[in-house]
Asks: 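One structure coming up, written as structure tokens, with questions to follow.
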Amino acid sequence: MAVMTYREALKAAMVSEMERDESVVMLGEDIGVYGGTHLITDGLIDKFGPKRIIDTPIAEGGFTGAAIGMAMLGMRPIVEMMTWNFSFQASDQIIQNAAKLRYFSGGQVSVPMVIRGPNGGGVQLSAQHTHSLEGFYGHFPGLKVVSPATPADVKGMMLSAIRDPDPVIFLEAGALYSTKGEVPDGDEAVPFGQARVAREGTDVTLIAYGRQVNLLHRIADTLATDEGVNAEIIDLRSIRPFDEATIVASVKKTNRAVVVQEQWRWFSVASEVAAIIQEQAFDDLDAPVERVSGEEVPAPYARNLELAAFPGERQIIDAVHRVLYRRT
Amino acid sequence: MAVMTYREALKAAMVSEMERDESVVMLGEDIGVYGGTHLITDGLIDKFGPKRIIDTPIAEGGFTGAAIGMAMLGMRPIVEMMTWNFSFQASDQIIQNAAKLRYFSGGQVSVPMVIRGPNGGGVQLSAQHTHSLEGFYGHFPGLKVVSPATPADVKGMMLSAIRDPDPVIFLEAGALYSTKGEVPDGDEAVPFGQARVAREGTDVTLIAYGRQVNLLHRIADTLATDEGVNAEIIDLRSIRPFDEATIVASVKKTNRAVVVQEQWRWFSVASEVAAIIQEQAFDDLDAPVERVSGEEVPAPYARNLELAAFPGERQIIDAVHRVLYRRT
Amino acid sequence: MATTQGTGKKRRQAGSNGTGANGTGSEEEQAAGQGSRQDSGQAEGQSLDQGRLMALYRQMVGVRLFEEACQRGFRRGKIGGYLHVYIGQEAVALGFLDAFRPGDRAITAYRDHAHALILGSEPKAVMAELYGKGTGLVGGKGGSMHLFDVANGLMGGYGIVGGHIPLGVGMAYAQRYQGSENMVQLYLGDGSMHNGAFHEAANLAGLWGRDGMNPCLFIIENNQYGMGTSVERSTAMTDLGAKFDSYAIEHERVDGMDVVAVIECAHRVAQQVRVTGKPYAVEAMTYRLVPHGAGDFLERYRTKDEIAEWRERDPVGILERRVLEAGSVEDDLAATRAEAKAAVEEAVAFADESPEPDISTLRTDVYADPADVRG
Amino acid sequence: MATTQGTGKKRRQAGSNGTGANGTGSEEEQAAGQGSRQDSGQAEGQSLDQGRLMALYRQMVGVRLFEEACQRGFRRGKIGGYLHVYIGQEAVALGFLDAFRPGDRAITAYRDHAHALILGSEPKAVMAELYGKGTGLVGGKGGSMHLFDVANGLMGGYGIVGGHIPLGVGMAYAQRYQGSENMVQLYLGDGSMHNGAFHEAANLAGLWGRDGMNPCLFIIENNQYGMGTSVERSTAMTDLGAKFDSYAIEHERVDGMDVVAVIECAHRVAQQVRVTGKPYAVEAMTYRLVPHGAGDFLERYRTKDEIAEWRERDPVGILERRVLEAGSVEDDLAATRAEAKAAVEEAVAFADESPEPDISTLRTDVYADPADVRG
Ligand SMILES: Cc1ncc(C[n+]2csc(CCOP(=O)(O)OP(=O)(O)O)c2C)c(N)n1
Ligand SMILES: Cc1ncc(C[n+]2csc(CCOP(=O)(O)OP(=O)(O)O)c2C)c(N)n1
Ligand SMILES: [Mg+2]
Ligand SMILES: [Mg+2]
């Protein structure tokens, strides 16, 4: 165990895999000479050289597609989206090629690649630079989609992602790059398809992923100290494949659930979670599953507006009170 | 009232608006000289000339973006996606510009445009040419998304779409172009945000949009004749803005709901519908909301596989039996 | 000129089916609402007199000081998000916008402060936008990357590289379709030219221009880098203007550090674009004298020497020398700088004191009808 | 040659960090598994003897008859979805694939039957795929647009215009990275060149080729139309080869109706690409003698006369004349056609009699691990 930042843990996983496996390369904008806009890849071009750390022009579709071609011949490219907001330009390559190649080639082709970068808002980047795309990409069969929230998970899931035989959409919590946490030493891969019980509790199940998980920890503490409410927190972390069992088991215990997400409500991860719970824990639910999502507006720039656009403690506590039938 | 095909009704709406309003133009691939790959625009270039019926190169992102620019200066472009499967190449323009321009310009700019074309599968076009994108686009604030299933609605909703001050994603049921139906004469615009009760019933609420609505009619008849079950059918038709009230009212009456969609289950329209119902009709539900969706696979080519990949009568009737607690 | 008449005919045709009339009408209204800029009528080759040079100096220094104030505001935490300033590139926008006429439109990427200020946006409103205030140019909703001033012809401020280029081409089509004599100034970075959106849009411009339906002037702000990637490391063919040959779009290169050279070019090519309705491209050679953005503190991708060399060609310095040659004295310049400084300080004070946007505006401007915002 | 050595060095470098070794190994394995094609070693300018011409005629007629059988199968409802045949364009793929070596890769769009057949795919398996049978080349999952035969070097069959182009460029990088001497033949249509994916991919190819890391041969199948839109109506600059100047990629044009001319070009440029590791582009002038696809029954976009003129240059006819000149007699040709006809009939019978895919295959090949398919 060592204490590391999310950034360091992420980098450590990629470096160890690149040292272990020559077929792993990286492509992206300013990941080499510049050092990476979020310094995730800082120094790697000196360590691995320009044939493995490939600086690209501003052509997300082109270099993502090229990486798919590399993967089809047995390489294991890691593509950096400087931020996921730019991935719409690559969505045709991701959705039409990466996700479907194994299928429409009748299993003749594999696409072992990782597409990674910061996702989510919170630093006033406004409308075009603020998206939370778990549901957007998670909708498509053939893709795997993960959203780690802790340094330990970002390292362990990146190890799994690079070794995965299928394309992985790796959505990093950009706002958490500098947060610290305990990280197991060595080769501790975290498998996909397993949610994490981040806090055990008995009274209500709080479900989230990415930076909202940290928000839930604060709220759970408040609820415990101020109201004696013992909340269980589930960090989804793997969006596709999705772990239904862990959520359902928790709700069968607590009989109440609140799902929190930064992304917009309509046709989202929270919609699916609510649908799953009512399907599989119908008789155990003492209240409707509550959803707390981002406001139905493009992200605004002004600080006060941006804060109001994302789920806040007040809203979440109100939702908890509703499922507990308590007055706020 | 006149009987028309879905294709004729769609075309009639666009032609009448083009005659009424000089600012309406069309852009797309092979919509002019060729006549339109689905003959929706057949003959229009002779009628309106090449400045209003604009044949484009194969550059979905480019001509969709150009149409956004036209709309920003007060024109009302209608962009044809030859099929919606090609719209991933335009998704950056649709999601980052069309949807958000009014917001990040502080209301200085409007984008009155329609993007239309056939959506959904069923004719063995296989993985890259089979998508049902209601949830995919419906997720984004700033867009309006509609999915008409009848000739009357396709005409009435196209009239509303062209006159709408905001960008409209107009998802036509490609498989239904040749289906016939009664269409009101003249200027009968169908407003957005209102679901349609396609069949009144008392025992169970069946919810769908697009070509699955016709499937539900067949099933409702079967249920009525074979089992004396009186199903209510709701055609969502407007995906964003969404009509929650009509669904909730129906479920409060029937106490049971089955949602059917061609699109994949995860993070989809059916997820949202189930979430809404359990939120707003929790105490009225006698059974969990059932979802019947497309198989979690890219669309296969072979006829038998494709049929197995889409919701079939058997699956839907089984779901109805489950919500009715009947043995199948 | 055949082309001209050809275009004229085409426009008359457009007019004849009614759109011309409509179009022109609305265009004129807009023009009316745009006192802020008048084309200087600078003719080809004609040299600039002292008064004009001094006026340009006032504007350029105004932009430079404004951008420096932005950098301070960012360091002091008053400005959030991303901040991209125009320091070193001022002569490009200042020179081309000298040929901007009422009813014309300008569109650019996120490095957009200069374009707004030169087109006549209130410095107070621009700074307030950067400060995220309700008095901002777009009400605090967009910030530095999304400046819009439609009344003055600025159609934005965009954050996705390449994404705004098709919009500009479509606007140029609309102008002709509506029967106006106006044009679009489409600003783009060197780095954006390797993006597919550029290729698709430029091809449409060339195609539509063949029928006189695309009065679009592509202005390449070639500051040598896309973030940390030099032109040489972005493409094997580094003559960016020549890339327009693929679309049959004429092009030339201009010294983007010398506003006088830019102005000469701007008026000449703008005139051609207006008359022919065909697109044209100018590669303005310039340099970003400061980091790409706030995150760019290392600048490993370029040397101090390189920056120093380009500083010799700082557009402000070059214009200063020209103003002095034209007969002004250092005191005039100092006085002008002082005025500009005062104006910027006023803008900063205004931004600082302005209130945050009213929270009720969070849900406005999503749709024309607020009732469409649901959930 | 400096470039060669330069490239050689680079490859050795790649090798020295181990990938070369790995790569070459795996490449050789694959090569071993690919008896089906051997490079004829046709050298520059060298003319083809009667035997070679006859062999080419056999292949070309085989493709032509296969495609005609597909059209019948579609009309009879045996083939669903979209069907795009290669009739009129046979000389292009046949000529370029003559320079294909074990370990090379080919990638193309949806008009892909010819490429599969020429690379050695079983006509039975190809026809069965079109018939949607479990015995099909990809198990009935892809259909006409998605033919894959990885063992023979065919990396697909893609339905989204432009979408496959970046993949081919990435494959060429991988080949060099893995230290092989192989190359990629990247087929693209004239219509795809106006798509952003082409621009971004070609720019990467030029950039990577500068370091000898992109042995990619772009083969433009210029059949004059993208569906119903002619090259002239798609772009104002119709010299498609010249568009590669924007990426510093060398190019030439070849008569795509004369397989002998194509073969001469193919071997010469393929050799250059292998040696230099740099991309190269050839614009093959050809013509689609049939409708674009099944939906294209009106063909308003071209005249009967135009089609008739091009029929004069039908690649089968041109090759026939060459074979006869070389000394064969009409009987030989008739015999060859009969053989080919029999083979196609056999393929059709096989496809017809083959069973539908087992329903259990619906959920296979989504992920490597079927357990990842959930819900
Ligand atoms: C599609 C996309 N990819 C990446 C980015 C991140 N990014 C912002 S500015 C920039 C460099 C753009 O360079 P250039 O076009 O030359 O403009 P300049 O900043 O030099 O004015 C990049 C890569 C983006 N905004 N959009
Ligand atoms: C992105 C995209 N847009 C539109 C289509 C529909 N479409 C299929 S083939 C075709 C024409 C392509 O022309 P070209 O590249 O010249 O190839 P050809 O068919 O002539 O061989 C079009 C527009 C598509 N498949 N993909
Ligand atoms: Mg630049
Ligand atoms: Mg073609």
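In the text below, chain A, chain B and the rest are named by the order of the sequence lines, each starting its count at 1.
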Asks: Name the region of C:Tyr367, side chain, backbone, both or neither, that has any atom closer than 4.5 Å to a heavy atom of chain A.
Replies: neither

Asks: Got a second to check how far A:Asp55's CG is from C:Tyr301's OH, nearest 0.5 Å?
Replies: 12.5 Å

Asks: So which part of A:Trp266 gets closer than 4.5 Å to some heavy atom of chain C, the side chain, the backbone, both or neither?
Replies: side chain

Asks: Rounded to the nearest 0.5 Å, what's the gap from OH on C:Tyr82 to OH on A:Tyr301? Could you check?
Replies: 13.0 Å

Asks: Would a 4.5 Å heavy-atom cut-off, applied to side chains only, mark C:Val366 and A:Glu296 as touching?
Replies: no

Asks: When you measure from the side chain of A:Asn304 to the backbone of C:Pro357, do you find a donor-acceptor pair of N or O atoms at a distance under 3.5 Å?
Replies: yes

Asks: Heavy-atom distance under 4.5 Å to chain A: side chain of C:His292, backbone, both or neither?
Replies: neither

Asks: Which pair of heavy atoms, one from C:Asn195 and one from A:Ala59, lies closest together, and at what distance?
Replies: ND2-CA, 4.3 Å

Asks: Which bit of C:Leu83 is near chain A, if near means a heavy-atom gap under 4.5 Å: side chain, backbone, both or neither?
Replies: neither

Asks: Side chain from CB out, backbone as N, CA, C, O: work out which of these in C:Met193 comes under 4.5 Å of a heavy atom of chain A, or both, or neither.
Replies: neither

Asks: List the atom of C:Gly191, the atom of A:Ile58, and the distance in Å for their closest heavy-atom pair.
Replies: O-CD1, 3.7 Å

Asks: At under 4.5 Å between heavy atoms, what parts of residues 122-132 of chain A are in contact with chain C? List them by residue number.
Replies: A:Val123, A:Gln124, A:Leu125, A:Ser126, A:Gln128, A:His129

Asks: NE2 of C:His194 to CD of A:Glu29: how many Å apart, nearest 0.5 Å?
Replies: 11.0 Å

Asks: Is the shortest side-chain N to carboxylate O distance from A:Glu295 to C:Arg363 below 4.0 Å?
Replies: yes

Asks: Could you check A:Gln89 against C:Val161 for side-chain contact (heavy atoms from CB on, under 4.5 Å), going step by step and ending with a plain yes or no?
Replies: CA-CA 10 Å; A:Gln89 290 194 352; C:Val161 169; 5.9 Å; no

Asks: Among C:Ile359, C:Thr361, C:Asp296, C:Leu362, which residue has the highest count of heavy-atom pairs closer than 4.5 Å to chain A?
Replies: C:Leu362

Asks: Among C:Glu356, C:Glu299, C:Met145, C:Glu129, which has the most heavy-atom pairs under 4.5 Å with chain A?
Replies: C:Glu356

Asks: Any idea which of C:Gly196, C:Gly139, C:Gly134, C:Gly142 has the most non-hydrogen atom pairs under 4.5 angstrom with chain A?
Replies: C:Gly142

Asks: Please examine the side chains of C:Thr235 and A:Pro57, heavy atoms only from C-beta on, and report whether any two atoms are closer than 4.5 Å.
Replies: no

Asks: CG/A:Asp30 to OG1/C:Thr229 distance, rounded to the nearest 0.5 angstrom?
Replies: 3.5 Å

Asks: Calculate, to the nearest 0.5 Å, the distance between atoms OG1 and CD1 belonging to A:Thr83 and C:Ile160 respectively.
Replies: 7.0 Å

Asks: Of the backbone (N, CA, C, O) and the side chain (C-beta and beyond), which part of A:Glu306 lies under 4.5 Å from a heavy atom of chain C, both, or neither?
Replies: neither

Asks: Check whether any side-chain heavy atom of C:Met227 lies under 4.5 Å from a side-chain heavy atom of A:Tyr34, and answer yes or no.
Replies: yes

